[in-house]
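Read through the structure below, which is laid out as structure tokens, and then see the notes.
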Amino acid sequence: MLIFDTISKDYRSRNRTVPALRDVSLTVAPQAFVTIVGPSGCGKSTLLNLVAGLDHPDSGAILFHGATVRRGDRRIGYVTQQDNLFPWRTLRDNIRFPLEVTGRPRREALERVSYWIDKVGLTGFDEAFPHELSGGMRQRANIARTLIYEPELIMMDEPFGPLDAQTRLELHGELLRIWEETKVSVLFITHDLTEAIALSSQVAIMSARPGRITELRDVPLARPRDIARLHDDPAYRQIYDHLWDTLKMVVEEARTSAGAGASA
């Protein structure tokens, strides 16, 4: 469905060039849940912005269903770290917004809104404004607002990072339930290796900047997954230990590079 073909990207500021990505190649299959993990500043969010058409690679290609990605493709949804709900709109009207933009009839739109409000566990909060909702509830609404127009691919950029541990665990379960029902493809960015393994079918480890894929590993844990007890599975422990060793080397490389740069 989605192919990164030897993507490279630099950012230029004044007389300085900052390499962000180097020769990144990755394939996201239909109905896959692929998670990308790596140190801060390695270009994880840059990858999503390139898919969304918010920026362009300097070399290589990004293909969606065999064609170059373009900005505003409604087959691709993007859930950011911040919920970005409109503060002047109720929960119902925030979730309905994409259907307004696409011209869906009001009755049909409201039926779909009610369906998704129920699906993400927000029934009874239809008329609440964002400031009246908890962080976890706002992020549920953000996910519903993305899923309501039925994209084929959802990109998620550390959507649960600011939330407390209990809320994150609850939303992990909700996200997996929705993914298993809809079978939409997911490209998920996180810095949390535990979260990555618990959710995904594949985990990609990125190097320090300039980011590249250093390892892509399948996560053959049975589904549906009991997120709260997944840690008890010996297979989970084996996958975690292997990926942690890889990630630890990546982090050490990042520290070494930063130290060398400071010395220079």
Side-chain angles (χ1 to χ4, degrees), residues 1-5 7 21 24-40 42-45 47-48 51 62 64 76-79 81 139 143 146-147 151-161 163 165-208 211-251 253:
M1 175 179 285
L2 178 69
I3 297 174
F4 295 92
D5 184 6
I7 292 298
L21 299 169
V24 174
S25 293
L26 179 68
T27 297
V28 179
Q31 302 181 2
F33 198 127
V34 179
T35 303
I36 300 178
V37 183
S40 296
C42 71
K44 301 186 296 294
S45 297
L47 282 177
L48 300 194
V51 176
I62 304 176
F64 184 63
I76 301 174
Y78 196 173
V79 178
Q81 296 179 40
Q139 198 59 288
I143 292 170
T146 302
L147 288 168
E152 298 175 33
L153 169 70
I154 300 176
M155 303 186 299
M156 308 184 82
D157 189 359
E158 299 195 48
F160 308 137
L163 305 178
Q166 180 179 341
T167 303
R168 289 180 70 182
L169 198 62
E170 291 175 357
L171 289 181
H172 288 165
E174 290 291 338
L175 177 59
L176 283 183
R177 180 179 60 81
I178 291 170
W179 173 74
E180 286 162 4
E181 291 176 2
T182 63
K183 291 303 181 184
V184 63
S185 294
V186 178
L187 183 59
F188 190 100
I189 300 296
T190 181
H191 63 274
D192 186 333
L193 188 55
T194 299
E195 180 176 67
I197 298 170
L199 295 175
S200 60
S201 50
Q202 287 184 308
V203 177
I205 302 291
M206 283 190 72
S207 71
R212 64 187 189 285
I213 303 295
T214 63
E215 180 166 356
L216 179 64
R217 185 178 177 91
D218 292 336
V219 182
L221 300 176
R223 296 186 187 274
R225 293 176 183 171
D226 185 344
I227 297 296
R229 293 177 174 80
L230 197 62
H231 308 76
D232 299 330
D233 188 334
Y236 168 89
R237 189 75 250 173
Q238 183 180 21
I239 295 168
Y240 182 93
D241 288 346
H242 175 82
L243 289 176
W244 172 244
D245 287 342
T246 302
L247 189 58
K248 189 162 55 174
M249 286 190 294
V250 165
V251 171
E253 287 177 3

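Positions are given from 1, in the same order as the sequence printed here.
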Next on the checklist: If you apply the rule side-chain contact (heavy atoms from CB on, under 4.5 Å), what do you find for Leu175 with Met156, and how did you get there?
Outcome noted: CA-CA 11 Å; Leu175 177 59; Met156 308 184 82; 3.9 Å; yes

Which is it for Phe4 and Ile213 under the side-chain contact (heavy atoms from CB on, under 4.5 Å) test, yes or no, and what are the steps along the way?
-> CA-CA 11 Å; Phe4 295 92; Ile213 303 295; over 6 Å; no

side-chain contact (heavy atoms from CB on, under 4.5 Å) assessment of Leu26 paired with Ile36 | CA-CA 10 Å; Leu26 179 68; Ile36 300 178; 4.0 Å; yes

Report task. Please test Gln202 against Val34 for side-chain contact (heavy atoms from CB on, under 4.5 Å), starting from the C-alpha separation and ending with a verdict. Result -> CA-CA 5 Å; Gln202 287 184 308; Val34 179; 3.8 Å; yes

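Expressed to the nearest 0.5 Å, how far CD of Glu215 lies from OG1 of Thr246 amounts to 4.0 Å. In this structure, CG on Leu48 lies 5.5 Å from CG on Leu187, to the nearest 0.5 angstrom. The CD1 atom of Ile76 sits 4.5 Å away from atom CZ of Phe64, with the distance rounded to the nearest 0.5 Å. How far CZ of Arg237 is from NE2 of His231: 8.5 Å, rounded to the nearest 0.5 Å. Here the straight-line distance linking atom OG1 of Thr194 with atom OH of Tyr240 works out to 4.5 Å at 0.5 Å rounding. Rounding to the nearest 0.5 Å gives a distance of 12.0 Å between CE of Met206 and CG of Leu247.
Scanning all heavy atoms of the two residues, the minimum distance from Pro220 to Ile239 falls at CD-CD1, 3.8 Å. Shortest non-hydrogen contact noted between Thr35 and Ser200 is OG1-CB, 3.0 Å. Nearest heavy atoms, Ile154 versus Pro151: CG1-CG, 4.0 Å. When all heavy atoms of Thr190 and Ala196 are compared, the closest pair comes out as CG2-CB, 3.9 Å.
Taking the six-membered ring where the residue is Trp, Phe33 and Trp179 present perpendicular rings, their angle passing 60° and hence far from 30°.
The closest side-chain heavy-atom distance from Leu221 to Ile197 is below 4.5 Å. At a threshold of 4.5 Å between non-hydrogen side-chain atoms, the residues Val219 and Arg225 count as touching. Counting heavy atoms from C-beta outward, Asp157 and Tyr78 have side chains that approach closer than 4.5 Å.
Atom CD of Glu181 has more than 12 neighbouring heavy atoms from other residues, nucleotides or ligands inside a 6.0 Å radius. The environment of CZ in Arg229 is sparse: at most 12 heavy-atom neighbours from other residues, nucleotides or ligands sit within 6.0 Å.
The backbone N or O of Arg212 lies less than 3.5 Å from a partner atom in the side chain of Ser207, making a donor-acceptor pair. One N or O on the side chain of Gln139 and one on the backbone of Pro159 form a donor-acceptor pair closer than 3.5 Å. Of the possible polar contacts, one joining the Ser185 side chain to the Gln31 backbone as a donor-acceptor pair under 3.5 Å is found.
Residue pairs meeting the salt bridge (charged side-chain N to carboxylate O under 4.0 Å, His left out) criterion with at least one member in residues 195-205, sequence neighbours excluded: Arg168-Glu195.
When the options His191, Gln81, Lys44 are evaluated for a side-chain hydrogen bond (donor to acceptor under 3.5 Å, both in side chains) with Glu158, the one that passes is His191.
Glu174 has a carboxylate O that lies under 4.0 Å from a charged side-chain N of Arg177, or vice versa, which qualifies the two as a salt bridge.
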